[in-house]
Amino acid sequence: MADLDRDVDRQDEVPLVGDGVTQGIVRVGDTVRRPVRPFTMTIQAYLAHLRAAGFEGAPIPLGLDDRGREMLSFVPGDVPREPLPPDTAGEEVLVELARLIRRLHDAAQGWTPPADATWGGIPGTQGASSTPDDEPLVVGHRDYCPGNVVFRDGLPAALIDFDLAKPTTRVYDIANAVYYWAPLMHPKDRSPAFADLDIPHRVAVFADAYGMNASRRHALIPLATTMIHRFHVNMRAAAEMDPVFKRFWDEGAKDRLPRAETWIHDEGPAITARLTAGL
Ligand SMILES: Nc1ncnc2c1ncn2[C@@H]1O[C@H](COP(=O)(O)OP(=O)(O)OP(=O)(O)O)[C@@H](O)[C@H]1O
Ligand SMILES: [Mg+2]
């Protein structure tokens with residue numbers, strides 16, 4: 001009987017494939033199971049805090065299952081894939097994402113990670129500092145790529161995949177979100193629906209919807225420039241030690257990331273000018 005039950009369980013497991021970094025993610029009914037990593041219990045504690053603080057835009061942590069895997073609630077909705085659907089380039093998407101991240105940050109603000117907290121990172125970058133400004137720390141998501149945003153009724157409704165969450169600053173976390181969603185990339189590296197957008201305007205729309213103060217508006221593009229440089233350096237290092245990252249690198253990151261660095265260097269001043277106009 002027990003064996004029979006296990007077979008039924010196995011049949012009910014539906015593989016979930018995202019950006020391909022994490023193997024073995026499955027859906028079982030209303031839950032998701034993920035392999036346990038060193039940071040898993042820290043993230044479960046963080047997600048529990050977010051819930052307790054009233055933030056509903058993240059999976060509910062459900063501990064470990066009987067096979068020792070992480071268990072989370074399945075978040076209903078649609079996760080966009082490349083090339084991103086044209087609707088995801090609308091301004092209302094940016095507005096809703098900014099509000100979602102503002103609520104996340106406000107909920108996270110009251111949480112002090114446990115003394116033995118362990119955080120994730122891309123291979124080879126553990127321990128690297130990611131907070132070059134002197135704002136207070138807050139645990140942010142730090143990976144707002146389209147594959148980690150769940151849409152409902154055409155708008156961002158929740159965030160998943162907190163594997164890279166760790167203490168950061170609000171403005172640094174915002175830099176990550178606008179990198180993916182303004183986006184802060186060379187036009188030829190964007191999904192077609194994003195190629196011709198007015199990026200300074202879109203960054204300002206995000207900043208308004210988040211409610212960014214003057215000092216964060218001034219800090220955003222310089223920090224984003226540093227962040228993109230780090231993406232480049234870190235991705236190159238990760239490609240040397242991890243086959244998945246080697247594939248990302250070879251399949252285009254090696255060209256996209258230097259292009260993004262050049263692009264932000266050229267376009268950054270106009271974005272900051274728009275962001276800070278009238279301050
Ligand atoms: N809690 C969840 N609720 C709904 N869908 C989920 C959930 N967790 C994962 N998924 C789905 O599975 C996909 C892959 O999961 P996830 O983003 O966690 O891993 P990944 O993309 O391989 O990792 P990474 O983003 O680090 O590359 C997601 O894009 C999403 O479609
Ligand atoms: Mg993901």
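Since the structure is predicted, the reported quantities are computational estimates derived from the model, not experimental observations.
Residue Glu82 qualifies as enclosed at atom CD: its count of foreign heavy atoms under 6.0 Å is above 12. Counting heavy atoms of neighbouring residues, nucleotides and ligands inside a 6.0 Å radius, atom CG of Asp266 exceeds 12 of them.
Checked by atom type, the side-chain pair Arg33/Thr31 shows a donor-acceptor distance below 3.5 Å. When only modelled atom types and interatomic distance are considered, Tyr210 and Arg216 share no side-chain donor-acceptor pair under 3.5 Å.
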Candidate pair His105 and Asp173, rule side-chain hydrogen bond (donor to acceptor under 3.5 Å, both in side chains), full reasoning: CA-CA 9 Å; His105 288 170; Asp173 210 38; 2.7 Å; yes

From CA spacing to verdict: side-chain contact (heavy atoms from CB on, under 4.5 Å), Leu137, Tyr172: CA-CA 10 Å; Leu137 294 182; Tyr172 206 83; over 6 Å; no

Salt bridge (charged side-chain N to carboxylate O under 4.0 Å, His left out) assessment of Glu261 paired with Arg256: CA-CA 9 Å; Glu261 277 191 83; Arg256 269 197 310 274; over 6 Å; no

Verdict with supporting geometry, Leu184 and Ile271, side-chain contact (heavy atoms from CB on, under 4.5 Å): CA-CA 10 Å; Leu184 305 181; Ile271 302 173; 4.0 Å; yes

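Under the 3.5 Å distance criterion, the side-chain polar atoms of Thr42 are left unmatched by any main-chain donor or acceptor of Ala117. Using a distance-only test at 3.5 Å, with no hydrogens or angles considered, a donor-acceptor pair links the side chain of His141 to the main chain of Asp161. With hydrogens and angles disregarded, a donor-acceptor distance shorter than 3.5 Å links the side chain of Ser73 to the backbone of Ile60. In terms of modelled atom types and a separation under 3.5 Å, the side chain of Thr88 and the main chain of Pro85 share a donor-acceptor contact. Formation of a donor-acceptor pair under 3.5 Å by the Arg202 side chain with backbone atoms of Val178 is not found in this model. A donor-acceptor pair under 3.5 Å links the side-chain atoms of Gln44 to the main chain of Met71, judged by distance alone. Between the side chain of Arg152 and the backbone N or O of Pro76, at least one donor-acceptor pair lies under 3.5 Å. Asp30 places no side-chain N or O within donor-acceptor distance of the main-chain N or O of Phe74, the cut-off being under 3.5 Å. One N or O on the side chain of Arg190 and one on the backbone of Met185 form a donor-acceptor pair closer than 3.5 Å. Side chain of Arg217 to main chain of Met212: a donor-acceptor pair is present (N/O by atom type, distance under 3.5 Å, no hydrogens or angles).
Among pairs with a residue in residues 232-246, those fulfilling salt bridge (charged side-chain N to carboxylate O under 4.0 Å, His left out) read Lys246-Asp250, at least two apart in sequence or across chains.
Ring-plane geometry between Trp181 and Phe151 is classed as tilted, the angle between the planes lying from 30 to 60 degrees on a 0 to 90 degree scale. A tilted orientation is assigned to the rings of Trp111 and Tyr46, their planes being inclined by 30° to 60°.
Taking each heavy atom of Met235 and Ile122 in turn, the nearest pair found is N-CD1, 4.1 Å. Of all non-hydrogen atoms in Glu91 and Val205, the two that sit nearest each other are OE1-CG2, 3.7 Å. Nearest approach of Val139 to Pro113, heavy atoms of both residues: CG2-CG, 4.0 Å. The heavy-atom pair separating Pro80 from Pro146 by the smallest distance is CD-O, 3.6 Å.
Shown are Leu50, Thr40, Leu47, Ile43; of these, the side-chain contact (heavy atoms from CB on, under 4.5 Å) with Pro61 is made only by Leu47. Checking each of Asp198, Ile199, Val203 against Arg274 for a side-chain contact (heavy atoms from CB on, under 4.5 Å) leaves exactly one that passes, namely Asp198. Between Leu220 and the options Thr225, Leu275, Thr272, a side-chain contact (heavy atoms from CB on, under 4.5 Å) holds for only Leu275.
Salt-bridge formation is not detected for the pair Asp12/Arg27: no Lys NZ or Arg NE/NH1/NH2 atom is positioned less than 4.0 Å from an Asp or Glu carboxylate oxygen.
Residue Asn148 holds its CG atom at 8.0 Å from OH of Tyr180, rounded to the nearest 0.5 Å. Atom CG of Leu16 is separated from atom CZ of Arg34 by 9.5 Å, given to the nearest 0.5 angstrom.
In this structure, Phe231 has its ring center closer than 6.0 angstrom to the ring center of Tyr179.
Cation-pi contact between Arg37 and Trp119: absent, since separation from the ring centre below 6.0 Å together with deviation from the ring axis within 45° is not met.
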